Amino acid sequence: METKIVLYGASGHGKVIAEIFNNQTDVALIFIDDSPKFEKLLQIPVLNRNAIKLDSHSQLIVSVGNNRVRKNIVSSLQVSYAKAIHHSAVISSNSSLDEGTVVMAGVLVNPNVKVGKHCILNTGSIIEHDCSIADFVHISPGVALAGNVTIGEGTHVGIGSTIIQNVTIGKWATIGAGAVIIKDVPDYAVVVGNPGKIIKFNSI
């Protein structure tokens, strides 16, 4: 029996999530979008959000890369959420991934990692032992988190950045591309450079 997975967001990020299911013959995919721009994406049907009834039996993944938008969508729905894990990802059996989270190709998750709800572990990222990643976090491609790193809700860790061991990143922070983080980062901070420096704060 096929499992129907609904991807909310017909976007570039949605394409990457859809391809995770490429070789799974028991999964049927459909995209929904608030403002569809086309009828199909990667040969998968795209429907208007209002054209399909979402209920507690729907298996849904919010395929939107923006953390705030993803949280807003989740807050508006009462459905069941699936997870998407690429077959090439290596995830320790002693780690946990919560609902709605997606794991792209080549990701490595080592032991005793906790990943929250509706997170994105993007292509080739490395999450070392004993890290804690809160809900709605986006770990971009090529990011390396050393051991015992804590990431707060909604934070975006930019492509190719590195966070050394035992560092805590606050909620809704932004870590710039290629940044090297060697000390704790407060809530809402925007940090860039090597070593990372705060340049401003995100609005609450």
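All values reported here derive from a predicted model rather than from experimental measurement.
Rounding to the nearest 0.5 angstrom, the gap separating the NZ atom in Lys71 from the CG atom in Asp135 is 8.0 Å. Distance OG/Ser96 to CD1/Ile91: 10.5 Å, rounded to 0.5 Å. The CG atom of Asn112 sits 7.0 Å away from atom OG of Ser92, with the distance rounded to the nearest 0.5 Å. A distance of 12.5 Å separates CD1 in Ile151 from NE2 in His138, rounded to the nearest 0.5 Å. Atom NE2 in His87 sits 9.5 Å away from atom CD1 in Ile20 (nearest 0.5 Å). Distance CD1/Ile169 to CD1/Ile175: 4.5 Å, rounded to 0.5 Å.
You'll find the side chain of Ile17 reaches within 4.5 Å of the side chain of Leu7, heavy atoms only. Taking the side chain as every heavy atom from C-beta outward, Ile120 and Arg70 approach each other to under 4.5 Å. When side chains are defined from C-beta on, Val107 does not count as touching Thr123, because their heavy atoms never get closer than 4.5 Å. Here the side chains of Ile133 and Leu145 are in contact, with some heavy-atom distance below 4.5 Å. In this structure, the side chains of Val191 and Thr174 stay at 4.5 Å or more apart for every pair of heavy atoms. Two residues are said to be in side-chain contact when any heavy atoms from C-beta on lie closer than 4.5 Å; Asn166 and Val149 fail this criterion. No side-chain heavy atom of His156 sits under 4.5 Å from any side-chain heavy atom of Phe136. The closest side-chain heavy-atom distance from Ser203 to Tyr188 is not below 4.5 Å.
One N or O on the side chain of Ser63 and one on the backbone of Tyr8 form a donor-acceptor pair closer than 3.5 Å. For the pair Thr155 (side chain) and Ala173 (backbone), a donor-acceptor distance under 3.5 Å is present. Not a single donor-acceptor pair under 3.5 Å links the side chain of Asn122 to the backbone N or O of Pro141. Looking only at distances, no side-chain donor or acceptor of Lys15 sits under 3.5 Å from a matching main-chain atom of Leu42. Formation of a donor-acceptor pair under 3.5 Å by the Asn48 side chain with backbone atoms of Ser35 is not found in this model. In this structure, the side chain of Ser140 engages the main chain of Val157 through a donor-acceptor pair within 3.5 Å.
Shown here are the side-chain hydrogen bond (donor to acceptor under 3.5 Å, both in side chains) partners of Glu128, two or more places apart in sequence or in another chain: Asn110. Under the side chain to side chain contact (heavy atoms under 4.5 Å, CB included) criterion, Ala10 pairs with Phe31, Asp33, Phe38, Leu41, Val46, not counting sequence neighbours. The side-chain hydrogen bond (donor to acceptor under 3.5 Å, both in side chains) search around His129 returns none, not counting sequence neighbours. With sequence neighbours excluded, the residues forming a side chain to side chain contact (heavy atoms under 4.5 Å, CB included) with Asp184 are Val167, Thr168, listed by chain and number.
Linking ILVMFWY side-chain heavy atoms closer than 4.5 Å, directly or via other members, places Val79 and Ile61 in two distinct hydrophobic clusters.
Of all non-hydrogen atoms in Val137 and Gly152, the two that sit nearest each other are CG2-O, 3.2 Å. For the residue pair Ile44 and Ile30, the shortest heavy atom distance occurs at CG2-CA, 3.8 Å. For the pair Ser88 and Gly106, the tightest heavy-atom approach, listed with the atom from each and the gap, is OG-N, 3.0 Å. Of all the heavy atoms in Gly154 and Trp172, the pair that sits closest is O-CE3, 3.3 Å. The minimum heavy-atom distance linking Ala89 with Val103 is given by the pair CB-CG1, 3.7 Å. Nearest heavy atoms, Pro111 versus Ser95: C-OG, 3.5 Å.
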Between Ile127 and Ile139, does a side-chain contact (heavy atoms from CB on, under 4.5 Å) hold up when you go through it step by step? CA-CA 9 Å; Ile127 316 298; Ile139 304 296; 4.1 Å; yes

Thr101/His118 under side-chain hydrogen bond (donor to acceptor under 3.5 Å, both in side chains): CA gap, chis, key distance, verdict: CA-CA 4 Å; Thr101 286; His118 308 286; over 6 Å; no

Determine, step by step, whether Lys117 and Glu99 satisfy the side-chain contact (heavy atoms from CB on, under 4.5 Å) criterion, reporting the C-alpha distance in whole Å, the side-chain angles of both residues, the deciding distance to 0.1 Å, and the verdict. CA-CA 5 Å; Lys117 299 176 181 179; Glu99 65 180 21; 3.9 Å; yes

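Pairs engaging residues 185-204 under the salt bridge (Lys or Arg N to Asp or Glu O under 4.0 Å) rule: none recorded [sequence neighbours left out].
Side-chain atoms of Ser11 and His13 include no donor-acceptor pair closer than 3.5 Å.
Summarising the hydrophobic clusters (Ile, Leu, Val, Met, Phe, Trp, Tyr; side-chain heavy atoms under 4.5 Å, direct or chained), the residues clustered with Val190 are Val192, Ile199.
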